[in-house]
Amino acid sequence: MNATQPQAGWRTRALALTATLALAGGTAAVTATPAHAVGSLGRAYVWANSPSHALNTPYAPSAAYSRNSTGGANSVVRTGTGLYTVRLANLGRTGGTVHVTAYGATSNTCAVRDWNPVGNRLDVRVSCFTRTGLRVNTPFTASFVNTSGLGGSRFGYVWANNPTSAAYTPSTAYQFNSAGALNAITRSGTGRYTVRLRSIGSAAGHVQVTAYGDTSARCKVGNWFVSGADQLVNVRCHDRLGNLRDQRFTLTYARATGIQRAVPAAYAWANLPGSAAYNPAAAYSYNSSGVVNRIRRVSQGVYRFHPPNQQLSNGNVQVTAYGVDSKFCKVERWNPTEGVQVRCYTVAGALTDTYYDVSFQR
């Protein structure tokens, strides 16, 4: 990837939007939903809703927002200020991917420190920070999936584990491609990456990105577009001051399915951040019930994503900002009345209008 490619990708998306109203690492956990993922080796999600729980004392996260495809119980342990371990029963095997999003009306952020099997359970460790880089107790949402099997909706994920390498194949144990191809990553400069998801290219779909490590750095989607048969996703990572920074991350691409490769699910690319209300770009918006999603701007930097027919009294939400700047986004709350409320910030902590990707999974 050269330095001009991100701009080319942005123009490609803008043209597609004009013509067709189209677009544009690990910790977490929870359970499956009514439907299991294609070839699923297990999936789970949680809303970690008790951020200041007693140290080293497991608690059961809110049942409505916690799922485990094995039927096992999830739990969360606070191991220090801003340090958490999400325990996913019966999912203790190497592989899969994790996404984490900070929750609430603050500018706090979270990253996935790592995830590893411990006996028959999977431990997903999460680190949370204020925007200035101080550790902080804060709620968060986490999502884990480990999948196998080819075909079906286009789907892939990577753990970008070598942030200073010019070009490499990311860890094969922690990547997946529904076409059976090997994914690849190139670095074009500090904090600038292109993930190549081979043979699943489409001018459509959805991307989530999460910074990986015990870090206050943040990663986001730059853009994504088709190159031949491949899907190219540009990623930008910044430190807490907004400077580009080399950083490990996790990334998931999904088309016409949820980010756990299962339904019910919905997603959208919020492509008109200054509009009062709109239907998001059709190619980059999906609702497994077959209806059209809607986005409303509540105020500067505050939005509501409305996916009709999705049961927002439970489930899991992940959010990532979109674009080449250092703005970042998070989930504030979700419920059947208001939909999914998203908040977006500058590095100075001011609410700001910006593009983002939002995903709902049951």
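Results of the side chain to side chain donor-acceptor pair (under 3.5 Å) test with K220 over D357, D325, T210 single out D325 as the only residue that passes.
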With side chain to side chain donor-acceptor pair (under 3.5 Å) as the criterion, how do N74 and S66 come out once you've worked through the C-alpha distance, each side chain's angles and the decisive distance to 0.1 Å? CA-CA 7 Å; N74 301 319; S66 178; 3.0 Å; yes
Please assess V76 against H53 for the test side chain to side chain contact (heavy atoms under 4.5 Å, CB included), listing each intermediate value before the final yes or no. CA-CA 9 Å; V76 180; H53 198 80; over 6 Å; no
Evaluate side chain to side chain donor-acceptor pair (under 3.5 Å) for R255 paired with S202, printing each intermediate quantity in order. CA-CA 8 Å; R255 180 186 176 185; S202 176; 2.6 Å; yes
Between T141 and V100, does a side chain to side chain contact (heavy atoms under 4.5 Å, CB included) hold up when you go through it step by step? CA-CA 6 Å; T141 67; V100 178; over 6 Å; no
Could you please spell out the steps behind the side chain to side chain contact (heavy atoms under 4.5 Å, CB included) verdict for L197 and D230? CA-CA 6 Å; L197 302 160; D230 301 341; over 6 Å; no
Take V331 and Q341 through the test side chain to side chain contact (heavy atoms under 4.5 Å, CB included) and record every step on the way to the result. CA-CA 6 Å; V331 58; Q341 186 146 310; over 6 Å; no
Check against ring-ring contact (aromatic ring centres under 6.0 Å, His included), Y84 and F140: CA-CA 10 Å; Y84 304 93; F140 62 89; 5.3 Å; yes
ring-ring contact (aromatic ring centres under 6.0 Å, His included) between F305 and W334, intermediate numbers included: CA-CA 9 Å; F305 169 56; W334 69 96; over 10 Å; no
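Criterion: ILVMFWY side-chain heavy atoms under 4.5 Å apart, direct or through other members. Under it, Y212 and F129 are not part of a common hydrophobic cluster. In the hydrophobic clustering of this structure, W115 groups with L91; members are Ile, Leu, Val, Met, Phe, Trp, Tyr whose side-chain heavy atoms approach within less than 4.5 Å, directly or through other members. F144 is not connected to I259 by any chain of hydrophobic side-chain contacts under 4.5 Å among Ile, Leu, Val, Met, Phe, Trp and Tyr, and they are in different clusters. Linking ILVMFWY side-chain heavy atoms closer than 4.5 Å, directly or via other members, places Y193 and L244 in two distinct hydrophobic clusters. Both I185 and V209 are assigned to one and the same hydrophobic cluster, defined by single-linkage of ILVMFWY side chains at heavy-atom distances under 4.5 Å.
No salt bridge links D353 with K327; every basic N to acidic carboxylate O contact stays at or beyond 4.0 Å. Ion pairing of D246 with R192 is absent here, as no side-chain N (NZ or NE/NH1/NH2) approaches a carboxylate O to less than 4.0 Å.
When side chains are defined from C-beta on, V235 does not count as touching V221, because their heavy atoms never get closer than 4.5 Å. Looking at H238 and R245, their side chains never come closer than 4.5 Å, going by heavy atoms from C-beta outward. A heavy-atom distance below 4.5 Å is not found between the side chains of T57 and V77. In this structure the side chain of P280 never reaches within 4.5 angstrom of the side chain of W269, judged on heavy atoms. Using a 4.5 Å heavy-atom threshold, the side chains of Y103 and C110 count as separate. Contact of the H99 side chain with the T250 side chain is registered, since non-hydrogen atoms from C-beta on lie closer than 4.5 Å. Contact annotation: the side chain of R113 approaches that of L83 to within less than 4.5 Å [non-hydrogen atoms, C-beta and beyond]. With contacts defined as side-chain heavy-atom distances shorter than 4.5 Å, the pair L41/S148 qualifies.
A donor-acceptor contact closer than 3.5 angstrom is absent between the side chains of Q318 and S359. Between the side chains of T106 and K330, at least one donor N or O sits under 3.5 Å from an acceptor N or O. Side-chain contact annotation: D123 with T85, donor-acceptor N/O pair under 3.5 Å absent. Looking only at atom types and distance, the side chain of T132 has a donor-acceptor partner in the side chain of T130 under 3.5 Å away. With hydrogens and angles left out, the side-chain atoms of N234 and T194 include a donor and acceptor closer than 3.5 Å. One side chain, R261 or T147, offers a donor N or O that lies under 3.5 Å from an acceptor on the other. Defined by atom type and a distance below 3.5 Å, a donor-acceptor pair is missing between the side-chain atoms of S143 and Q361. If you check the side chains of N177 and Q175, you find no donor sitting under 3.5 Å from an acceptor. One side chain, N279 or R294, offers a donor N or O that lies under 3.5 Å from an acceptor on the other. A donor and an acceptor atom, one from each side chain of R87 and S75, are nowhere located under 3.5 Å apart. Side-chain atoms of S289 and Q310 include no donor-acceptor pair closer than 3.5 Å. Side-chain atoms of S127 and D214 include a donor-acceptor pair closer than 3.5 Å.
Across all non-hydrogen atoms, the minimal contact from P307 to L312 is CD-CD1, 3.9 Å. Closest non-hydrogen pair, G258 versus F155, comes out as O-CE1, 3.6 Å. Closest of all the heavy-atom pairs between N161 and P170 is OD1-CA, 3.5 Å. In plain terms, the two heavy atoms of A265 and T257 that are nearest each other are CB-C, 4.5 Å. Closest heavy-atom contact between I200 and G156: CD1-N, 4.1 Å. Across all their heavy atoms, Y303 and T352 have their closest contact at OH-O, 4.3 Å.
The side-chain hydrogen bond (donor to acceptor under 3.5 Å, both in side chains) test applied to D239 returns N243, not counting sequence neighbours. Under the ring-ring contact (aromatic ring centres under 6.0 Å, His included) criterion, Y267 pairs with H206, Y286, sequence neighbours left out.
For the pair S227 (side chain) and L232 (backbone), a donor-acceptor distance under 3.5 Å is absent. Under a 3.5 Å cut-off, the side chain of Y168 and the backbone N or O of N162 do form a donor-acceptor pair. Checked by atom type and distance alone, the side chain of R43 never pairs as donor or acceptor with a backbone atom of Q260 at under 3.5 Å. Between the side chain of N287 and the main chain of V292, no donor-acceptor pair closer than 3.5 Å is present. The backbone N or O of A256 lies less than 3.5 Å from a partner atom in the side chain of S153, making a donor-acceptor pair. Distance alone, capped at 3.5 Å, places no donor-acceptor pair between the T252 side chain and the Y157 backbone. Using modelled atom types, no side-chain atom of S107 and backbone atom of R131 make a donor-acceptor pair closer than 3.5 Å.
Hydrophobic side-chain contacts under 4.5 Å tie L351 into a cluster, directly or through other members, with V298, V302, F328, Y345.
Relative orientation of the W47 and Y65 rings is perpendicular, given thresholds of 30° and 60° on the angle between their planes. Y174 and W159 have perpendicular rings, their planes meeting at more than 60° on a 0 to 90° scale where under 30° would count as parallel.
Between the CZ atom of F249 and the CZ atom of R236 there is a distance of 10.0 Å, given to the nearest 0.5 Å. From R304, atom CZ reaches atom CZ of R296 across 5.0 Å, with rounding to the nearest 0.5 Å. Of the inter-residue distances, the one linking Q208 atom CD with C219 atom SG reads 13.0 Å to the nearest 0.5 angstrom.
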